[in-house]
Amino acid sequence: ALIVLALGYAKFVMPAVLFFASKSVELMLVLSLSWCFFMGVTAQLPWVGVGMELAALIAGVALATFPYSAEFNGKIKYIRDFFITLFFAALGMQIPVPSLKPILTALLVSCTVLIFRWLGIFLLVYMLGGTPRLGILATLNLSQISEFALVICSLGMGYGHIDASTLEIIIWVFMILSIFSSNLINYNHNVYQSIAWVSRRICRNGLSHENEEPTHEDDRDILLLGFHRIGSMLIAEFEHHAPKLLRKLQVVEFNQSIKEPLLRRGVKFTYGDFSSADVLEHCFHGEPKIIISTTPDTMLQGTSNLRILKVAMTVWPKAHIIVTADNPEQASELYDAGAHYVLRSAKLCAERLFELLNKYQTDAGMSDLKRRFDKYKRRENDERRSFVALKV
């Protein structure tokens with residue numbers, strides 16, 4: 001019943017509510033938390049009969065179906081970490097004085113889990129067409145058991161299905177595999193290279209030692225943080241002169257109304273607060289080559305180009321970052337902070353006027369200037385006919 005209720009709300013109620021609330025990041029956070037608490041309270045009704053743990057999982061699955069999931073993950077990170085800390089503190093207090101038998105049993109169970117991880121993950125990835133490297137890295141990164149296993153065991157103990165000794169063994173297995181996998185993840189590429197080296201020694205057609213694995217994000221290496229008038233005109237220029245570049249663009253913005261026009265032009269859209277490092281990490285998986293902020297500080301709310309620059313440099317230190325300034329003093333400050341290029345609308349307009357007037361001074365005079373005016377007018381008319389301006 002709870003799943004049907006969650007799916008019904010996610011299908012007919014939540015899309016409209018979240019769409020109208022999407023312009024306020026704070027309201028989105030409050031609504032997402034309210035949804036989780038609503039599902040938890042509903043689970044306690046007599047006719048539902050579901051634990052709050054499972055209700056929270058169902059609420060999270062329902063939220064994951066919306067394009068705001070990256071924003072939710074970034075904003076609730078600290079609240080989540082706080083409650084996880086309490087969860088593990090309570091978990092540690094359930095462990096009795098260590099004895100040899102449950103620890104040895106936990107080691108045996110851990111070895112069994114690791115063996116079946118290779119059968120359940122590596123073989124599945126390989127059979128579905130994934131590369132051996134992808135299967136090996138996925139297996140290494142998923143070596144641990146989930147925290148949800150502890151929740152299920154706690155529920156089973158409450159219903160009398162298992163005893164305290166079984167829960168103790170599962171807790172030890174969770175601790176062993178968590179420590180093992182958290183340290184192994186830092187060396188997963190080295191482990192893969194070792195496995196590849198051994199395979200090439202054994203077989204001529206062994207695994208490749210290459211570290212690069214093509215991903216779906218590799219094609220999109222230009223990231224627009226925010227979408228204002230300059231960003232809209234940039235899309236127009238790309239659509240008119242270089243439409244292939246649209247497939248390399250991704251926009252991060254909390255104005256949900258521009259999503260459909262961008263998607264129709266082949267531009268990927270992600271909802272999120274582009275001034276938050278945690279949100280950006282969830283929005284874009286990989287390393288963009290160029291990051292552009294085209295919104296001036298006068299139009300930004302609660303942030304600035306300087307903050308966006310610092311956040312982008314923290315998340316993607318190797319990227320080339322372009323930001324926007326309102327005046328020369330702000331441009332100088334942004335350059336000092338590490339910006340690779342600073343946009344100034346007034347300066348770009350002055351450069352275009354200088355080009356026109358300089359040609360008028362050096363060339364034939366009014367007749368040549370009129371030809372240039374006509375050329376720019378025809379160009380803008382052509383773009384206007386082929387592009388419908390985005391509402392920002």
Side-chain angles (χ1 to χ4, degrees), residues 25 70-71 73-75 77 212 215-239 241-242 244-255 258-259 262 265-352 390 392:
V25 176
E71 174 72 18
N73 285 327
K75 291 299 183 182
K77 175 182 178 181
E212 297 298 326
T215 65
H216 297 291
E217 300 291 349
D218 286 342
D219 292 337
R220 299 189 184 270
D221 52 12
I222 303 176
L223 186 62
L224 269 67
L225 303 182
F227 195 80
H228 199 245
R229 295 185 181 92
I230 298 178
S232 178
M233 294 308 301
L234 180 62
I235 298 296
E237 291 290 329
F238 282 160
E239 187 175 25
H241 300 288
K244 291 183 178 180
L245 283 177
L246 294 174
R247 298 290 177 180
K248 300 178 72 66
L249 290 175
Q250 178 173 344
V251 174
V252 180
E253 169 64 63
F254 54 82
N255 183 4
I258 67 173
K259 177 183 177 181
L262 289 176
R265 290 163 174 82
V267 180
K268 183 177 180 180
F269 174 85
T270 305
Y271 177 91
D273 179 9
F274 49 82
S275 64
S276 171
D278 298 318
V279 173
L280 291 181
E281 288 178 352
H282 287 91
C283 287
F284 192 95
H285 303 286
E287 187 77 22
K289 295 181 180 179
I290 301 175
I291 301 173
I292 307 174
S293 171
T294 61
T295 309
D297 285 359
T298 53
M299 301 301 297
L300 291 172
Q301 298 180 358
T303 186
S304 65
N305 276 271
L306 181 60
R307 180 180 176 184
I308 293 173
L309 172 63
K310 293 179 178 179
V311 169
M313 292 175 62
T314 302
V315 180
W316 301 295
K318 297 181 180 180
H320 294 81
I321 305 174
I322 301 173
V323 289
T324 303
D326 294 314
N327 51 63
E329 292 77 14
Q330 186 183 5
S332 177
E333 183 181 10
L334 291 170
Y335 277 124
D336 292 339
H340 293 86
Y341 185 72
V342 178
L343 294 171
R344 285 178 52 210
S345 299
K347 183 174 182 296
L348 295 175
C349 292
E351 290 175 352
R352 171 58 64 86
L390 300 176
V392 295

Query raised in the report: Can you tell me how far the NE2 atom of His228 sits from the CG atom of Leu300, to the nearest 0.5 Å?
Result: 8.5 Å
Report summary line: Scanning both residues in full, the closest heavy-atom pair of Thr303 with Ile308 reads OG1-CG1, 4.0 Å
**Report entry** For the student: nearest non-hydrogen atoms of Phe274 and Leu280, plus distance
**Finding:** O-CD1, 3.6 Å
Query raised in the report: With a 4.5 Å heavy-atom cut-off, do Leu249 and Leu246 have their side chains touching?
Result: yes
Requested in this report: To the nearest 0.5 angstrom, please state how far the CD1 atom of Ile222 sits from the CD1 atom of Ile290.
Outcome: 5.0 Å
Report summary line: On a heavy-atom basis, the closest approach of Gly272 and Val252 is O-CG1, 4.0 Å
Report task. Give a yes or no on whether Gln301 atom CD has more than 12 heavy-atom contacts from other residues, nucleotides or ligands under 6.0 Å away. Result -> no
Query raised in the report: How many angstroms lie between atom OG1 of Thr324 and atom CD1 of Ile292, to the nearest 0.5 angstrom?
Result: 9.0 Å
**Report entry** Under 3.5 Å donor-acceptor, Asp297 side chain and Ser304 backbone
**Finding:** no
Query raised in the report: Minimum heavy-atom separation for Tyr271 to Phe254, with atom names?
Result: CE1-O, 3.1 Å
Report summary line: The single option from Thr294, Val267, Leu262 that satisfies side chain to side chain contact (heavy atoms under 4.5 Å, CB included) with Phe227 is Leu262
**Report entry** Backbone of Ile321 reached by a side-chain donor or acceptor of His340 within 3.5 Å
**Finding:** yes
Report task. Would you indicate whether the side-chain heavy atoms of Ser332 and Glu329 approach each other to under 4.5 Å? Result -> no
**Report entry** Distance, nearest 0.5 Å, that separates OG1 of Thr270 from NZ of Lys259
**Finding:** 9.0 Å
Query raised in the report: Below 4.5 Å, heavy atoms only, C-beta onward: do Ser293 and Leu309 meet side chain to side chain?
Result: no
Query raised in the report: Hey, is Lys318 close enough to Glu287 for a salt bridge, meaning N to O under 4.0 Å?
Result: no
Report summary line: Output for pair (Leu225 CG, Glu253 CD), nearest 0.5 Å, gives 10.0 Å
Report task. Report the distance from atom NZ of Lys310 to atom CZ of Arg307, rounding to the nearest 0.5 Å. Result -> 10.5 Å
Query - For the student: nearest non-hydrogen atoms of Glu239 and Arg265, plus distance - result: OE1-NE, 3.5 Å
Query raised in the report: Do Val315 and Phe284 come close enough that some side-chain heavy atom pair is under 4.5 Å?
Result: no
Requested in this report: Might you point out which heavy atoms bring Ala325 and Arg344 nearest each other, and give the distance in Å?
Outcome: O-CG, 3.7 Å
